[in-house]
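Note: hydrogens, waters and symmetry copies are ignored here, and every other heavy atom, side chains too, is used.
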Amino acid sequence: MIEDRLKRKYLVMLALILVLALGLRTYKLTWGLPNEIHPYSYHPDETRLLQYLGNMHPEKLDFNPDDFAYPTFHLFIVGAILLLFSKLGFITLIPDPLFYATHPTEFANMILVGRVISVLFSIGTILVIYQIGKTLYNRRAGLLAALLLALNPLDVIESHYFSLDVPMTFWLMIVMLCSVHILYTGRRIWYILGGICIGIAAATKYPGLIGIVPLGIAHLLWCWKDLKESTRGLYNRLYNFLRSLLSKNLVCSLIGFVLASAIGVPYAVLEPTTFANNIITTYTISSGQSVPIPSDYNLGLASWLLHPNNKLYLYQLIAAIPFSLGIALFGLLGISIVLMIRYTQWKSTLLLLSLPLAYLIIVGRWNLVFLRYMLPIIPVLLLCCAIGYRIINKMTKHNWAPIILTFIIIYTTLFTATLDYKFNDTIDDGFLYVWQNIPEHSVIATTLWSPLRYTPLQDPAAFINGTLNNKEIIKKRQNDITHNDTIIVPLCLHGICKEYSVVTMFNPSKTWLDTYNPDYIILSSLITIGDDAPIRDPNADNERSFYKRFNQCQSGYYTIAEFDRPYLTEKFYTILDPRFKSLYASPKISILKKMNFK
């Protein structure tokens, strides 16, 4: 009777955690969707993924995306749901890209479906991490891990996007759950399910292949158990150990992996040469081999952490993970790992840490770093925090452990809330300011990620290339932009359009400023300290000094408007890496005016 009451109590608490997680992940879910101001999403990957879906022709049984930078399993899921919703009349699917260019709301609805699917996968990950914690330790540890993941800033942010990181994380957590059951039971069903989920994880996003590590560790530890329990001679024990390593269970797991990955990425089999070439190109870009980081780019501490000669994975450990967890939980994580090694079974600890260790060893070698790359290991790290807290709570005789946990939860909640999309996006705010306050026909210089970047004509190549096949238009618009030519951009709102002369700044310098002499300049933190800053042209004409002069009001321009959304303890995190100011949802927009311009 008491046990049943406890189970109901834990289920109620889990349900409340899921409701909290759902609320955080659906709040402002429409952020950055195409609208009257901009015809495509502020998150560039969303338009690109829909481009891949648009390259498929299911009515002809042609599911080839024509590009394998991303695998296709999750695209198949989203595509099937879009087709179903189209049949039900919820969205419009027609083979005319121009329709979506002139009806951005319809385009937004398609992206919104992908975002809702990401939310569902994130909720599923919370359920799985609860189950892993319950199996490895107890229900309380599982509940605490679920709560921490529900509040986690990185998971909340990434769940707002139609992207591949959230679903890949879900499948990897299923693999971890299967590995835990293999460690304890060695049953074949968990081998088969684990192999299938590794195939699906890799077919969702290629780093999902790392799921091989925890399953392999679990199999090795299960075979080690048989070796210790054997009473035969040393030769027979070693023979049986090696034989069990190549057991039928492992073969079944391998078969499940091959079948799942082949179904998820069928053109890896049908077009192996194209697939292999795309994989090599993707790896080259991700590892930074094609775009080396200039060591003199001034990003403060991050310049040293990201130096190409630094192979100690310090950036992930000192910058990315502290931001992804929040600094309070990062401190608890370090203590928890030490306590787990000291006080828990070494097998379960080794299994739990095998995924983040293997993942960091591989991803930590990449010179191209995005914060979302840390997402697959966040649930496991939070589970370590939960287990560590339970150990601390048992060891202490006073009530200070719950007080510290309360502080950590409050800080994490506030950190996540201030990172979430509480107000209008700063890019939208910048657009509205230009439309309302800057005289028509003014000459405006912009950076790549400024409000005008997303207007229909400022960068039509990005939108057209994702939806149209008119190569002449694409080539013309790309030439217009990449050669710094001034183009006429109409900003339209409520049916009223105003025209501006706009030039995009590529490798800006004092010489560039004197040549174009714009009336206004719009700067964005996404370009001055943005995600692509470390891989910009290292030979640019003193570009860093160019931006520094703006900040010190030495350029002949003064700031007339700024739009910013600071988050909790932002200054601390931007010391670790100024690019943490450059999340898609919160770039700082600065609008400057020439001093002698009236």
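- I129 is listed as a side-chain neighbour of I132, based on a closest heavy-atom distance under 4.5 Å.
- I111 and S41 get closest at one heavy-atom pair: CD1-CB, 3.8 Å.
- For the atom pair CZ (F107) and CG (L33), the distance works out to 10.0 Å, reported to the nearest 0.5 Å.
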Practice task
With side-chain hydrogen bond (donor to acceptor under 3.5 Å, both in side chains) as the test, would you mind laying out the steps for D155 and S122 before giving the verdict?
Solution key: CA-CA 7 Å; D155 196 81; S122 179; 2.6 Å; yes
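- Between the CD1 atom of I522 and the CZ atom of F563 there is a distance of 9.5 Å, given to the nearest 0.5 Å.
- Not one N or O on the side chain of S86 forms a donor-acceptor pair closer than 3.5 Å with the backbone of L82.
- Counting only heavy atoms from C-beta outward, the side chains of N109 and F85 never approach each other to under 4.5 Å.
- The minimum heavy-atom distance between P34 and P104, with the atom names listed, is CB-O, 3.6 Å.
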Handout entry: From CA spacing to verdict: side chain to side chain contact (heavy atoms under 4.5 Å, CB included), E158, L371
Key = CA-CA 10 Å; E158 293 302 322; L371 200 59; 5.8 Å; no
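- Ring geometry for W31 against Y161 counts as tilted: the plane angle lies between 30° and 60°, on a 0 to 90° scale.
- Within the 4.5 Å cutoff, the side chain of Y206 has no heavy atoms near those of the M168 side chain.
- Formation of a donor-acceptor pair under 3.5 Å by the T274 side chain with backbone atoms of E271 is not found in this model.
- Atom CD1 in I212 sits 12.5 Å away from atom OG in S354 (nearest 0.5 Å).
- Scanning all heavy atoms of the two residues, the minimum distance from F162 to L49 falls at O-CD1, 3.4 Å.
- By the salt bridge (charged side-chain N to carboxylate O under 4.0 Å, His left out) test, K205 pairs with D165, sequence neighbours left out.
- Between the side chain of R25 and the main chain of V119, no donor-acceptor pair closer than 3.5 Å is present.
- Note on ring orientation: taking the six-membered ring where Trp is involved, the planes of Y573 and Y567 are tilted (angle from 30° to 60°).
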Exercise for the section: Test side chain to side chain contact (heavy atoms under 4.5 Å, CB included) on L177 and L193 and set out the steps. Expected result: CA-CA 10 Å; L177 181 60; L193 183 59; over 6 Å; no
Exercise for the section: Take Y100 and I94, measure what side chain to side chain contact (heavy atoms under 4.5 Å, CB included) needs, and give me the verdict at the end. Expected result: CA-CA 9 Å; Y100 297 104; I94 58 175; 4.1 Å; yes
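- Here the shortest heavy-atom pairing between T125 and P379 reads CG2-CG, 4.0 Å.
- Contact annotation: the side chain of H160 never approaches that of H43 to less than 4.5 Å [non-hydrogen atoms, C-beta and beyond].
- At a threshold of 4.5 Å between non-hydrogen side-chain atoms, the residues L53 and P65 do not count as touching.
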Donor-acceptor contacts under 3.5 Å from residues 66-81 side chains, at least two apart:
{"from": "D67", "atom 1": "OD1", "to": "A69", "atom 2": "N", "distance (Å)": "2.9"}
{"from": "T72", "atom 1": "OG1", "to": "G264", "atom 2": "O", "distance (Å)": "2.5"}

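- Residue L120 holds its CG atom at 10.0 Å from OG of S159, rounded to the nearest 0.5 Å.
- Proximity of L209 to F257: side-chain heavy atoms (C-beta onward) are separated by under 4.5 Å at one or more points.
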Exercise for the section: Run the numbers on Q316 and Y373 for side chain to side chain contact (heavy atoms under 4.5 Å, CB included), then give the verdict. Expected result: CA-CA 10 Å; Q316 285 74 18; Y373 289 173; over 6 Å; no
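- Once rounded to the nearest 0.5 Å, the distance linking CG of L93 with CE of M110 reads 5.5 Å.
- Note that CG of L112 and OG1 of T30 are 7.5 Å apart. Values are rounded to the nearest 0.5 Å.
- Contact detail for L164 and T204: the closest heavy-atom pair is CD1-O, 3.3 Å.
- The side-chain heavy atoms of I217 and S179, taken from C-beta on, include no pair separated by under 4.5 Å.
- Side chain of Y191 to main chain of C178: no donor-acceptor pair is present (N/O by atom type, distance under 3.5 Å, no hydrogens or angles).
- In this structure, A150 and V156 approach most closely via the heavy-atom pair O-CG2, 3.7 Å.
- Residues D429 and I589 form no side-chain contact, since every pair of their non-hydrogen atoms from C-beta on lies 4.5 Å or further apart.
- In summary, the side chains of N35 and T105 do not present any donor paired with an acceptor at a separation below 3.5 Å, with no hydrogens or angles considered.
- Ion pairing of R372 with D45 is present here, as a side-chain N (NZ or NE/NH1/NH2) and a carboxylate O approach within less than 4.0 Å.
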